[in-house]
**Q** 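Here you go, one structure.
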Amino acid sequence: MSRSILLLLLLALMSMLAPSSAEIKTLTISSDARPMILFEKFGFTHTGHVTISISAVSVASALTTPDPSRLGFFLLSEESLLQVLIEMQQSAQFCVLDSHYIISLFTFRDLSPPPHASFNQSYPVTSPNEYSLFFANCNPESRVSMNVRTELYNLDRDGSKDFLSAGRTQLPTLFFLFSLAYLGFLGFWIYLCHQNRRSVHRIHLLMAGLLLMKALNLIFGAEDKHYVKVTGTPHGWDVLFYIFQFIRVVLLFTVIVLIGTGWSFLKPFLQEKEKKVLMIVIPLQVLANIASIVIGETGPFIKDWVTWNQVFLLVDIICCCAIIFPIVWSIRSLKETSKTDGKAARNLAKLQLFRQFYIVVIGYLYFTRIVVFALRTIAAYKYQWVSNAAEEIASLAFYIVMFYMFKPVERNEYFILDEEEEKEAEMALRDEEFEL
């Protein structure tokens, strides 16, 4: 693979890589022949620092003796990456460590002498920007082994270290505030279910569980980001975050599928094809969460990181498509039923409700998958938290609308059987096909 192609791939990788939480990372690179390794991406303020410690360094080459000045670490902004790409296209022998557009940190020429070759140094970042930390190996046919420890952080006014990227330092507060909103929502939902006990179905209990899991997921997410912010390590909160994220995502997709089928409030059972949707969605969500953990807890420095991103994206698309089918089936079933059972008003209300639910689900999936990604891509690095806020606002709005549409009430749109409305409904069903 030519170096220019490699840089193009790295450009794509840098665009899809969200700014790192910049936990203090310790990793081992073993016999790695990659000419460039992207470690992480971080937004620095004018008080930013990079601390790199490497040890047990060895370089093996099948050709000549490796030149230590051709191996080293550097910082690179997205704006400068294009300039570096042009330089590499102009000369096949060009080494990125010679570029004027990078911020060179050190080369292997600065290492302590073998057999315990090592290096430890902290560097101030004088120009605030979002940078990616790279390792470059410009020696052909050479393999590098080393232990690497990185710390990327900004200094607060009191001199304490902030290990969250400049655009993500607000996340602990953001997640905590939204967790309070969901806890309040859960309290109101429990009150509503208690007031309408006779109309409560099993789906309403699952919906309450979903609110609880969402609130706990946000609480543990806030704790995770807080400890990373102040200490550089999550202190085990990331484990709880991923556990409740898994439960919450599986429960969310399950609730959408079950509501889409009309389970418990329209019918007490699931059809075979509806069971198959759940049997597809739940295992795929297990795989998606595994991919999410690998992506979140490692980084682009592992060789299969891009593959895990592709797996997560593919599985998420499949699940988003799969949960639409039960809603479409319910709408078609109601259309067929409306022609034979003589309950026009009730069927019209159901059709309208399910069509609205279909639109709401599509809107939610579109916003959280496409609009949020666009915000994350175009927003300045100092405002990366805006995409997280937009995603949480959209999620809360979706929960409110979904819960309102299917709330337990003694007298709702399913049971309006007024004679005048019955005639109007019959005319509406004849005039409108309820096509999606």
**Q** Could you check whether any side-chain heavy atom of Met405 comes within less than 4.5 Å of a side-chain heavy atom of Val401, counting everything from C-beta outward?
**A** yes
**Q** Can you confirm whether more than 12 heavy atoms, excluding those of Gln121, are under 6.0 Å from its CD atom?
**A**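 More than 12 heavy atoms, drawn from other residues, nucleotides or ligands, come within 6.0 Å of this atom.
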**Q** Can a donor-acceptor pair be found, under 3.5 Å and without considering hydrogens, that links the side chain of Arg369 to the backbone of Tyr366?
**A**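 Looks like no, no N/O pair under 3.5 Å.
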**Q** Check this for me: His235, atom NE2, are more than 12 non-hydrogen atoms of other residues, nucleotides or ligands nearer than 6.0 Å?
**A** yes
**Q** Quick one: are Thr51 and Asn120 in side-chain contact, heavy atoms under 4.5 Å?
**A** yes
**Q** On a heavy-atom basis, which atom in Met207 and which in Phe403 lie closest, and how many Å separate them?
**A**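 Heavy-atom minimum between the residues: O-CZ, 3.3 Å.
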**Q** Pair up each side-chain donor or acceptor in residues 169-177 with any protein partner under 3.5 Å, not counting sequence neighbours, and list the distances.
**A**
| unit_1 | atom_1 | unit_2 | atom_2 | d |
| --- | --- | --- | --- | --- |
| Thr169 | OG1 | Asp162 | OD2 | 2.6 |
| Thr169 | OG1 | Lys229 | NZ | 2.3 |

**Q** Which pair of heavy atoms, one from Met36 and one from Phe134, lies closest together, and at what distance?
**A**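 Closest heavy-atom pair between Met36 and Phe134: CE-CD2, 3.7 Å.
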**Q** Answer with yes or no after comparing the ring centroid distance for Phe185 and Tyr399 against a 6.0 Å cut-off, counting only values under it.
**A**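 That pair fails the under 6.0 Å test.
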**Q** For a 4.5 angstrom cut-off between non-hydrogen side-chain atoms, does Leu216 reach Met213?
**A** yes
**Q** Indicate whether the side chain of Ser160 and that of Asp158 have a donor and an acceptor atom separated by less than 3.5 Å.
**A** yes
**Q** Give a yes or no on this: more than 12 heavy atoms of other residues, nucleotides or ligands lie within 6.0 Å of atom CZ of Arg109.
**A**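 Atom CZ in Arg109 is not packed in, count stays at 12 or less.
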**Q** Hey, mind stepping through Arg34 and Asn137 against side chain to side chain contact (heavy atoms under 4.5 Å, CB included) and telling me if it holds?
**A** CA-CA 7 Å; Arg34 285 178 288 176; Asn137 177 7; over 6 Å; no
**Q** Please report the closest heavy-atom contact between Ser395 and Thr368, naming both atoms and the distance.
**A** OG-CG2, 4.4 Å
**Q** Would you list the atom pairs, donor with acceptor, under 3.5 Å between side chains in residues 248-256 and any protein atom, with sequence neighbours excluded?
**A**
| unit_1 | atom_1 | unit_2 | atom_2 | d |
| --- | --- | --- | --- | --- |
| Arg248 | NE | Asn217 | OD1 | 3.4 |
| Arg248 | NH2 | Asn217 | OD1 | 3.2 |
| Thr254 | OG1 | Val250 | O | 2.7 |

**Q** Please confirm whether the ring centroid of Phe367 lies under 6.0 Å from the ring centroid of Phe398.
**A**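 No; Phe398 has its ring centre 6.0 Å or more from that of Phe367.
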**Q** Starting at CD of Gln89, measure out to CD1 of Ile86 and round the result to the nearest 0.5 Å.
**A**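 Answer rounded to 0.5 Å: 7.0 Å.
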**Q** So Ile102 and Leu75, do their side chains get closer than 4.5 Å, heavy atoms only?
**A** no
**Q** Taking the side chain as every heavy atom from C-beta outward, state whether Thr150 and Val50 have any atom pair closer than 4.5 Å.
**A**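 Not touching, per the 4.5 Å side-chain cut-off.
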**Q** So, taking the atom named CD1 in Ile29 and the one named OG in Ser58, what distance separates them when rounded to the nearest 0.5 Å?
**A** 11.0 Å
**Q** Backbone N or O of Pro408 within a donor-acceptor pair of the His201 side chain at under 3.5 Å?
**A** no
**Q** Identify the heavy atoms of Phe241 and Gly221 that sit nearest to each other, and give their distance.
**A** CD1-CA, 3.4 Å
**Q** Taking the ring centre of each residue, are Phe163 and Phe42 less than 6.0 Å apart?
**A** no
**Q** Begin with the C-alpha distance, continue with both residues' side-chain angles, and end with the deciding distance and a verdict on side chain to side chain contact (heavy atoms under 4.5 Å, CB included) for Thr26 and Val148.
**A** CA-CA 6 Å; Thr26 303; Val148 183; over 6 Å; no
**Q** If you measure from OG on Ser30 to CE on Met146, what distance do you get to the nearest 0.5 Å?
**A** 11.0 Å
**Q** For Arg143, what residues pass the salt bridge (Lys or Arg N to Asp or Glu O under 4.0 Å) criterion, not counting sequence neighbours?
**A**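 Partners of Arg143 by the salt bridge (Lys or Arg N to Asp or Glu O under 4.0 Å) criterion come out as none, since no residue qualifies.
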**Q** Could you check if a side-chain atom of Thr233 sits within less than 4.5 angstrom of a side-chain atom of Tyr227, using non-hydrogen atoms only?
**A**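 They are not in side-chain contact.
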**Q** Please check if the side chain of Asp316 supplies one atom and the backbone of Phe312 the other of a donor-acceptor pair under 3.5 Å.
**A**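 Not a single qualifying donor-acceptor pair exists.
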**Q** Please confirm whether the backbone N or O of Thr64 pairs with a side-chain atom of Asn139, one donor and one acceptor, at under 3.5 Å?
**A** no
**Q** Is Tyr381 close to Pro128 at the side-chain level, that is, under 4.5 Å between some pair of heavy atoms?
**A**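 They are in contact (side-chain heavy atoms under 4.5 Å apart), so the answer is yes.
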**Q** Just checking, any donor-acceptor pair under 3.5 angstrom between side chains of Thr107 and Ser69?
**A** no
**Q** Does one side chain, of Gln384 or Ser165, offer a donor that lies under 3.5 Å from an acceptor on the other?
**A**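 No - no donor-acceptor pair under 3.5 Å links their side chains.
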**Q** Can you tell me if Trp189 uses its side chain to pair, donor with acceptor, with the backbone of His204 under 3.5 Å?
**A**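 Yes; judged by distance alone, with no hydrogens or angles, the pair exists.
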**Q** Side chains of Thr45 and Thr47: donor-acceptor distance under 3.5 Å anywhere?
**A**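 Yes, because at least one side-chain N or O of Thr45 sits under 3.5 Å from a partner of the opposite role on Thr47.
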**Q** Roughly how far, to the nearest 0.5 Å, is the CZ atom of Phe135 from the CD1 atom of Ile54?
**A**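 With rounding to 0.5 Å, CD1 (Ile54) is 7.5 Å from CZ (Phe135).
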**Q** With rounding to the nearest 0.5 angstrom, report the NZ to CG distance, Lys161 to Leu152.
**A** 11.5 Å
**Q** Would one find more than 12 heavy atoms of other residues, nucleotides or ligands at under 6.0 Å from atom CZ of Phe325?
**A** no
**Q** Is Lys41 close to Glu78 at the side-chain level, that is, under 4.5 Å between some pair of heavy atoms?
**A** yes
**Q** Indicate the atoms forming the closest heavy-atom contact of Tyr153 with Ser122, along with that distance.
**A** OH-OG, 3.9 Å
**Q** Quick one: sort the Phe119 and Tyr123 rings into parallel, tilted or perpendicular, breaks at 30° and 60°.
**A** parallel
**Q** Got a sec: does the CH2 of Trp385 have more than 12 other heavy atoms crowding it under 6.0 Å?
**A**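 Open: at most 12 neighbouring heavy atoms sit under 6.0 Å from CH2 of Trp385.
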**Q** For Lys225 and Arg168: C-alpha separation, side-chain torsions, deciding distance, then whether side chain to side chain contact (heavy atoms under 4.5 Å, CB included) applies.
**A** CA-CA 9 Å; Lys225 295 301 181 187; Arg168 298 168 66 83; 3.5 Å; yes
**Q** Could you walk me through whether Met402 and Val360 pass side chain to side chain contact (heavy atoms under 4.5 Å, CB included), step by step?
**A** CA-CA 8 Å; Met402 179 173 66; Val360 168; 5.6 Å; no
**Q** Closest approach of Ser142 and Val59, non-hydrogen atoms and distance?
**A**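 In terms of heavy atoms, the two residues are closest at CB-CG1, 4.2 Å.
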**Q** To the nearest 0.5 Å, tell me how far Leu111 CG sits from Ser118 OG.
**A**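 Output value for this atom pair is 7.5 Å.
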